[in-house]
Amino acid sequence: MTESDQQETRGKGVRVREVVAGLPTYIAGKPALPNAYKVSSNENPFPPLPSVVQRIAEAAADINRYPDPACTALRGTLSTFLGVDPSSLALSTGSVSMLQHLVSTVAGEGDEVMYAWRSFEAYPIIVGVAGATAVQVPLTEDLRHDLVAMADAVTERTRLIIVCSPNNPTGTTTTSTEFEAFMRRVPEHVLVILDEAYVEFVADQQAVSGSQEFSRYPNLVVLRTFSKAYGLAGLRVGYAMLPPALAPQVAKAVTPFGVNSLAQAAAMASLEEPAKRELDQRVVELQFERARVEHALADQGWPVTPSQGNFVFLALGDKSQDFADHCNRGGLVVRAYGADGVRITIDTPAANDRAISLCREWRAFSKAARII
């Protein structure tokens, strides 16, 4: 047996939980090749703000020390920013990590966790690792959450429901009216998580707002992140607004010292003036580019579903991978979702121009080939 063969067989005798062995592997956006634009991950194309970088540099002087495990200063800043008590805030290494802590706190073997599908790729993995049963409720024809069907699907085994708004990867939102009607039907012992990773990009005034809804329901958790609009994806900072009675229970599942000191410093700096004003302006620019891309695709004849995230979604069905390959050859790395569609992150104007051009080429090719 060669050394390579020996390396491949190492660990094969270890017994892995059956539920984990059967889980899908999370697939991150593919990296870009030279001279190509990477729009396969929902990243902020703007570089970090100088004031944030400066704060990170200052915090780096103390990285020989453990970070504050309670994120006391950041929780205080967030408390003021959001208008909620510090006891209702919990932080983690990205909102996906906080979601994992929440699921493992309230659901286990024999319990059901419900979410719409298609939605965030990590949901089935997180639920599976917890040993719970995933209940996937199909999106509506216009790629939105079917909250009526989700409420209908609640059983005695339901422990947690995830509502993603804006939904990743479709970009659609849940309205405040829909959410209110939904919450009236959900029993109070069932935890509802409103995943708002892209909330800062929302322009629709009818969309649900976790900040406004949080105090109304004793079983509601609002999940947010600094990775998207704030551009701190590489530092991993997420947080939850959650009922005070639940917070100490979730804290038992949280990784100690999870949010490092650089991440805490950067998040605090991002919430302060003038950084916040500049971040808001960047969001406006991305919203403008999102609208420009959507209008261009609509003019080309694409059936575009309006997005409230920093991305657009093309429901291409079984042509999704073919389109993704076409974009890849044209210097644009996009994200294909099986036989459902393709997500294109809104990036720099040049990258967005490339996306518009490649979509035009594909549309012309498809018409000539009579495949659309």
Side-chain angles (χ1 to χ4, degrees), residues 42-63 65 67-95 98 165-166 173 194-205 207-215 222-242 258-291 308-310 345-349:
N42 290 334
E43 298 165 332
N44 193 319
F46 293 103
L49 294 170
S51 59
V52 175
V53 173
Q54 178 61 34
R55 193 69 64 84
I56 293 172
E58 294 170 358
D62 295 322
I63 58 173
R65 304 294 184 184
D68 174 9
C71 302
T72 307
L74 177 53
R75 285 174 68 216
T77 301
L78 265 177
S79 171
T80 301
F81 179 74
L82 297 168
V84 299
D85 192 270
S87 64
S88 294
L89 292 171
L91 289 103
S92 63
T93 53
S95 60
M98 178 56 68
S165 181
T173 54
L194 181 58
D195 188 346
E196 293 190 313
Y198 304 92
V199 67
E200 290 85 2
F201 299 107
V202 174
D204 185 357
Q205 296 299 311
V208 65
S209 169
S211 297
Q212 296 177 13
E213 302 292 338
F214 173 64
S215 62
V222 179
L223 204 59
R224 292 184 176 177
T225 182
F226 282 90
S227 294
K228 309 303 181 182
Y230 291 94
L232 301 182
L235 286 178
R236 315 304 300 128
V237 192
Y239 66 93
M241 291 179 267
L242 70 174
V259 185
N260 69 67
S261 53
L262 305 187
Q264 292 184 41
M268 286 183 60
S270 298
L271 294 173
E272 298 169 359
E273 301 291 353
K276 186 62 176 64
R277 288 197 302 270
E278 189 165 349
L279 283 167
D280 289 342
Q281 181 57 41
R282 290 180 170 188
V283 167
V284 170
E285 292 180 31
L286 288 171
Q287 289 173 329
F288 173 83
E289 282 294 302
R290 178 182 68 198
Q308 292 295 305
N310 65 330
T345 300
I346 300 301
D347 204 89
T348 63

If you round to the nearest 0.5 Å, how far is CD1 of Ile346 from CZ of Phe288?
11.5 Å
Closest heavy-atom pair, Met268 versus Thr77, reported as atoms and distance to 0.1 Å, is CE-OG1, 3.6 Å
Atom pair CZ (Arg277) and CZ (Arg282), whose distance is rounded to the nearest 0.5 Å:
14.0 Å
I'd like to know if the side chain of Ser87 pairs up with that of Arg75 as donor and acceptor (distance under 3.5 Å, no hydrogens or angles considered).
no
Check: Arg236/Ser227 side-chain N/O donor and acceptor closer than 3.5 Å
yes
Heavy-atom check, side chain of Pro67 versus side chain of Val259, under 4.5 Å
no
Would you call Thr345 and Glu43 a side-chain contact if the rule is heavy atoms closer than 4.5 Å?
no
With a cut-off of 3.5 Å and sequence neighbours excluded, list every side-chain donor-acceptor pair involving residues 48-59.
unit_1: Gln54; atom_1: NE2; unit_2: Glu58; atom_2: OE2; d: 3.2
unit_1: Arg55; atom_1: NH2; unit_2: Glu272; atom_2: OE1; d: 2.8

Nearest atoms (heavy-atom pairs only) where Asp347 meets Leu286
O-CD2, 4.2 Å
Short side-chain to backbone donor-acceptor contact, Arg224 and Ala240, under 3.5 Å:
no
For Leu82 and Ser211 the tightest heavy-atom approach is CD2-OG, 4.3 Å
With distance as the sole criterion, is a donor-acceptor pair present between the side chains of Asn310 and Tyr198 under 3.5 Å?
no
Interatomic distance, Ser261 atom OG to Leu74 atom CG [nearest 0.5 angstrom]
12.0 Å
